[in-house]
There are 2 protein chains.
Amino acid sequence: MNEDTRLKVKAAVKELGYQRNEVARSLKVRSTRSIGILAPEFTNFFFMEVVEAIGRVLAENGYSMIVASSSGSVEQEKLNLRSLIERNVDGLVVMPSGLEGGHFKNKALKNTPIVVLDRKVEGIETDTVISDNRYGIKEILKGLAAEGHRRIGFIGGDLTFFTAKERYLGFIEGMKELGLEIDESCIFTEGLMLQSDGYEQLKKAFALEDPPNAYVIANDSLHIGCTTYALQNIPIDVRSNLVFATFDYLSYGPLLRYAHYAAAQRMEEIGIETAQILLKRLGGDMSDFPQVVMLRPEIKVLDFNGGKPFAHHL
Amino acid sequence: MNEDTRLKVKAAVKELGYQRNEVARSLKVRSTRSIGILAPEFTNFFFMEVVEAIGRVLAENGYSMIVASSSGSVEQEKLNLRSLIERNVDGLVVMPSGLEGGHFKNKALKNTPIVVLDRKVEGIETDTVISDNRYGIKEILKGLAAEGHRRIGFIGGDLTFFTAKERYLGFIEGMKELGLEIDESCIFTEGLMLQSDGYEQLKKAFALEDPPNAYVIANDSLHIGCTTYALQNIPIDVRSNLVFATFDYLSYGPLLRYAHYAAAQRMEEIGIETAQILLKRLGGDMSDFPQVVMLRPEIKVLDFNGGKPFAHHL
DNA sequence: ATGAAAGCGCTAACAC
DNA sequence: GTGTTAGCGCTTTCAT
């Protein structure tokens with residue numbers, strides 16, 4: 001193009017303050033350069049951290065995010081999905097509210113890449129990015145064992161949830177591999193892994209005649225609940241013998257005084273990986289579909305709480 | 001319309017799986033039913049909680065949210081803003097990255113309602129929803145005073161930030177109103193109010209020859225940092241005399257052992273209020289523009305940590 | 001009550 | 001290298 005004309009146009013753009021109408025463009029080229037993000041709720045550190053990373057990578061590539069929270073309801077998730085389809089999102093990142101994902105088989109989604117985050121979902125084949133839950137649990141369990149604990153409790157959640165089940169299975173497998181005896185009375189797998197569930201479960205544990213000192217805790221919210229219960233209800237001479245190994249390690253980790261070992265999910269990497277798979281699919285590259293990326297959490301020894309280095313990665 | 005035809009159409013919709021193309025509709029009616037959300041970062045509990053509430057109210061009214069994180073950079077905020085304008089968002093919620101908001105005077109935003117959250121911004125007249133920072137600080141300060149503390153430290157942040165400044169001023173005013181002497185050496189207002197700043201500031205305080213026991217802490221991240229420092233570096237007999245009064249009270253609040261009083265921001269209400277003002281403006285109602293809503297935080301007495309009921313709301 | 005047609009702002013294809 | 005035009009899928013208006 002003529003350099004002269006080029007400059008004239010540029011000047012006019014500035015002069016008139018022209019801004020492209022992306023809506024019209026989208027209609028024409030059948031691409032909105034927007035990605036729908038479907039989450040059960042926003043108020044979740046894991047999710048925020050992952051979305052921040054996804055957003056950064058997407059923004060670098062010219063995509064925006066349309067986010068929708070389902071408040072944990074599959075019904076709302078379906079409504080949100082519909083709305084995102086109507087908005088012609090080019091791709092979808094889903095942290096599913098339920099176990100079943102039949103509604104993602106919508107014809108309108110035929111050419112829309114979907115990446116599922118954090119959990120696996122049944123009835124649908126998609127790219128998936130998750131943490132290696134079993135690995136993480138097994139490793140931190142080794143830490144407890146290395147300290148000499150043999151009777152170890154487990155504080156988890158309802159086994160119908162993907163992460164709850166995986167972490168539970170990691171615990172069971174890990175105990176077996178270590179040759180430790182599993183005491184069913186010290187295993188708690190009820191509830192939604194919320195803070196209040198952690199509180200109640202440690203309470204139940206301490207209602208036993210001989211509660212164990214060592215616990216594997218399946219997530220961060222449970223951990224806060226357990227620590228809260230301990231601080232408020234267990235005498236100091238007893239609670240100071242508590243030893244926890246937990247999933248997740250977040251900004252307020254240093255406050256969780258009984259945690260010796262943590263399997264910290266690599267949230268930023270999960271986000272980056274998710275965005276990259278999505279971009280690859282958007283670019284038409286369907287290699288390795290459906291791709292399941294499982295990222296190992298980082299094993300942390302919390303020495304300031306009394307954790308001791310141990311041989312992990314055997 | 002003919003009932004018969006109506007049913008036929010409905011059947012056809014179901015049969016063919018028709019879904020409206022919102023992009024085409026938007027182009028025609030010049031409204032995208034989408035709201036842009038501009039934030040400095042997502043990894044912030046206050047913000048997420050507020051966005052969750054905003055999203056709920058907006059979804060009930062048929063709006064979606066397009067979110068963009070600016071990573072604290074005003075430059076990125078400008079880019080994000082441009083992208084949102086190009087996408088023809090019907091309205092904007094902004095938690096500004098900087099103090100100055102000249103870029104929101106864009107001609108393309110002439111008819112786009114904007115609500116500013118959490119901070120005030122210069123160079124622009126908009127509806128604004130914030131917490132009553134001074135009120136909150138003054139009230140929790142009363143709690144410390146009621147316990148008999150007279151020499152009280154302040155842990156805050158760089159006064160060029162709106163909330164940092166307001167909370168600092170609340171502290172100064174509050175001390176004066178209570179007739180307490182302000183010891184400049186115990187006032188820390190450097191940094192961005194991050195966790196690491198809290199850690200460093202309490203360290204500095206304890207490098208004084210006679211550090212105070214009581215502190216007002218300007219936000220949650222600082223609070224975690226302070227508590228971490230105390231737990232890791234101050235001998236137990238000394239730290240057990242610490243008394244904190246802080247802004248914010250979040251899920252992990254129970255772990256913050258030295259907090260006796262907290263001014264908990266009403267995040268859900270802030271979100272609801274924000275969304276409602278936006279919807280009002282979108283409906284063409286410009287009454288009270290520019291509206292500044294200031295919500296009082298809830299004053300909490302953390303009795304399980306040793307907080308004692310006191311006369312607030314004098 | 002139904003059908004036909006214009007046009008939102010853009011891009012892509014084509015002719016000049 | 002530049003100018004013209006069709007048409008994306010919808011809503012709205014006007015004619016039947």
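Per chain, numbering begins at 1; letters A, B, ... match sequence-line order. Keep in mind that this is a model prediction, so the values were computed, not measured.
Taking the six-membered ring wherever Trp is involved, the centroid distance between the rings of A:F45 and B:F45 falls below 6.0 Å.
Here A:D90 does not pair with A:R33 in a salt bridge; the nearest charged N to carboxylate O distance is not below 4.0 Å.
Side-chain N or O atoms of B:D285 include none that pairs as donor or acceptor with a backbone N or O of B:R281 at under 3.5 Å. Side chain of A:R87 to main chain of B:V23: no donor-acceptor pair is present (N/O by atom type, distance under 3.5 Å, no hydrogens or angles).
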- Query: Can you list the steps and then say if A:R56 with A:E268 is a salt bridge (Lys or Arg N to Asp or Glu O under 4.0 Å)?
  - Reply: CA-CA 10 Å; A:R56 194 159 16 79; A:E268 185 173 9; 3.1 Å; yes
Close N/O contacts between protein and nucleotides 7-11 of chain D (under 3.5 Å):
residue	atom	partner	partner atom	Å
D:dG7	N2	A:K28	NZ	3.4
D:dC8	O3'	A:R30	NH1	2.8
D:dC8	O3'	A:R30	NH2	3.0
D:dG9	OP1	A:R30	NH2	2.1
D:dG9	N2	B:A24	O	3.4
D:dC10	OP1	B:Y18	OH	2.5
D:dC10	OP1	B:N21	N	3.0
D:dT11	OP1	B:R20	NH1	3.3

